[in-house]
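To start, the structure under review is shown below, and the notes come after it.
Sequence lines set the chain letters: A, B, ... in the order given, protein chains first and strands last, and positions in each chain run from 1.
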There are 2 protein chains.
Amino acid sequence: MAEVRSPASPLLVLCRKKKLRLTGQRRVVAYVISNAEDHPDVEEIYRRALKVDPYISIATVYRTVRLFEENGILYKRDFGSGRARYERTDEDQHYHLIDADSGQVLECEDKHIEDRLRQVAADMGYDLVTLRLSLCGRRKN
Amino acid sequence: MAEVRSPASPLLVLCRKKKLRLTGQRRVVAYVISNAEDHPDVEEIYRRALKVDPYISIATVYRTVRLFEENGILYKRDFGSGRARYERTDEDQHYHLIDADSGQVLECEDKHIEDRLRQVAADMGYDLVTLRLSLCGRRKN
DNA sequence: CTATGTGCAAAAGTTTTGCGGGTAA
DNA sequence: TTACCCGCAAAACTTTTGCACATAG
């Protein structure tokens, strides 16, 4: 767990760039999310954070992910479960395909889509800031 | 307000097709949504419904929109306000552009996008069931 | 007549916040 | 030093639900 203290985490680099105060708890949350391969909700981030810092509070996790989101470090996603889920903004851009039957979230990518949507927004007089795109599908048999 | 009793509302036609029991309250909710030009949340649907039926309960509105959603009569949307918002499924397909500063929701359309996404899903072995797509942008000056 | 819906109020689930003590810079 | 952060518990907010009565078909 020494890497929690390491300055190498890409999320911590972003935190410094935004001049956010680097507290122990923020390092832990950044560490947990940097190492997540999925799209955890706050409850899950909290559960993973507890393994690193058994005294961290869920209120702090809520405050931290909100802070990160406001600073463009995390995206907040809604896959319809009733809880918000988070993912890093510094990954390659991708979208989600949700299995209508199992609820499983798969990632997919199509560079063309983003360019096209950027154009749609531009035609309406807007610069595209973020994009929420998710597909819901049923497995072909 | 006589139209509330009229069988003409397109949502009521869908309700009959699905063999849903047509109560007074369901007619009111269907009427309110049929006449909505925006994407109201439950609180707002309730507020508008009260003008027609001052005794309707918000619990009934929640139950009704959920029923309608489960029967494919309404889409549930999340524009990030913390409250779910609803819109009819029987309109022309369109997407949303949310103004990053004001929160205003604009509709936009691009038929090409849907076809392309249908193909992306197909390539992963899925039939596209629904599509959630929203853009967040900032007005160009 | 009977299965289903409704209103009310309470419960459940998620997220935010006030406050007193603690800490990064 | 000082402005900001944390943990706790309570509050706020959205949505669901149990129950007794009402009603559509």
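Taking side-chain N and O atoms only, Arg66(B) has a distance below 4.0 Å to OP1 or OP2 of dT17(D). Side-chain nitrogen and oxygen atoms of Tyr62(A) include none within less than 4.0 Å of the OP1 or OP2 phosphate oxygen of dT16(C).
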Practice item. Start with the C-alpha distance between Phe79(B) and His96(B), add both sets of side-chain angles, then the distance that settles ring-ring contact (aromatic ring centres under 6.0 Å, His included), and finish with yes or no. Key: CA-CA 9 Å; Phe79(B) 296 133; His96(B) 302 102; 4.9 Å; yes
Review point. Do Ile56(A) and Val29(A) pass the side-chain contact (heavy atoms from CB on, under 4.5 Å) test, and can you show the C-alpha distance, the side-chain angles, and the key distance before you say yes or no?
Key: CA-CA 10 Å; Ile56(A) 197 171; Val29(A) 171; 4.3 Å; yes
Review point. Where do Asp115(B) and Gln119(B) land on the side-chain hydrogen bond (donor to acceptor under 3.5 Å, both in side chains) test, with the steps shown first?
Key: CA-CA 6 Å; Asp115(B) 295 338; Gln119(B) 188 58 48; over 6 Å; no
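Using a 4.0 Å cut-off between charged side-chain N and carboxylate O, Arg66(A) and Glu69(A) make no salt bridge. Between Arg26(A) and Asp53(A), no side-chain nitrogen of the basic residue sits less than 4.0 Å from a carboxylate oxygen of the acidic one, so the salt-bridge criterion is not met.
Between the CZ atom of Arg118(B) and the CG atom of Leu128(B) there is a distance of 5.0 Å, given to the nearest 0.5 Å. Rounding to the nearest 0.5 Å places CG of Leu22(B) at 6.0 Å from CG of Leu12(B).
Applying the 4.5 Å side-chain rule to ILVMFWY residues, one finds that Val129(A) remains a lone member of its cluster.
As rounded to whole Å, 18 Å separates atom C1' of dT15(D) from atom CZ of Phe68(B). Between Arg16(B) atom CZ and dG25(D) atom C1' the separation is 13 Å, expressed in whole Å. As a whole-Å value, the separation of Asp78(B) CG from dT15(C) P is 11 Å. Protein atom CG of Asn71(A) is 11 Å distant from nucleotide atom P of dC5(D), rounded to whole Å.
Glu87(B) is linked by a salt bridge (charged side-chain N to carboxylate O under 4.0 Å, His left out) to Arg77(B), counting only residues two or more places apart in sequence or in another chain. Listed by chain and number, the residues in a salt bridge (charged side-chain N to carboxylate O under 4.0 Å, His left out) with Arg139(B) amount to none (sequence neighbours excluded).
Take the nearest nucleotide of DNA chain D for Leu20(B) and for Lys76(B): the residue whose nucleotide is more 5' is Lys76(B).
For the segment residues 41-49 of chain B, no residue has any heavy atom less than 4.0 angstrom from an atom of DNA chain D.
With the end axes of the helix from dC1(C)-dG25(D) to dA25(C)-dT1(D) each set by five pairs, the angle from one to the other reads 50° at 10° resolution.
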Exercise for review: List the protein contact pattern of nucleotides 3-12 of chain C with one symbol per nucleotide (5' to 3'): B for base contact, S for sugar-phosphate-only contact, - for none; contact means a heavy-atom distance under 4.0 Å.
Suggested key: BBSSBB----
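Glu44(A) and His39(A) form no side-chain donor-acceptor contact under 3.5 Å, judged by distance and modelled atom types alone.
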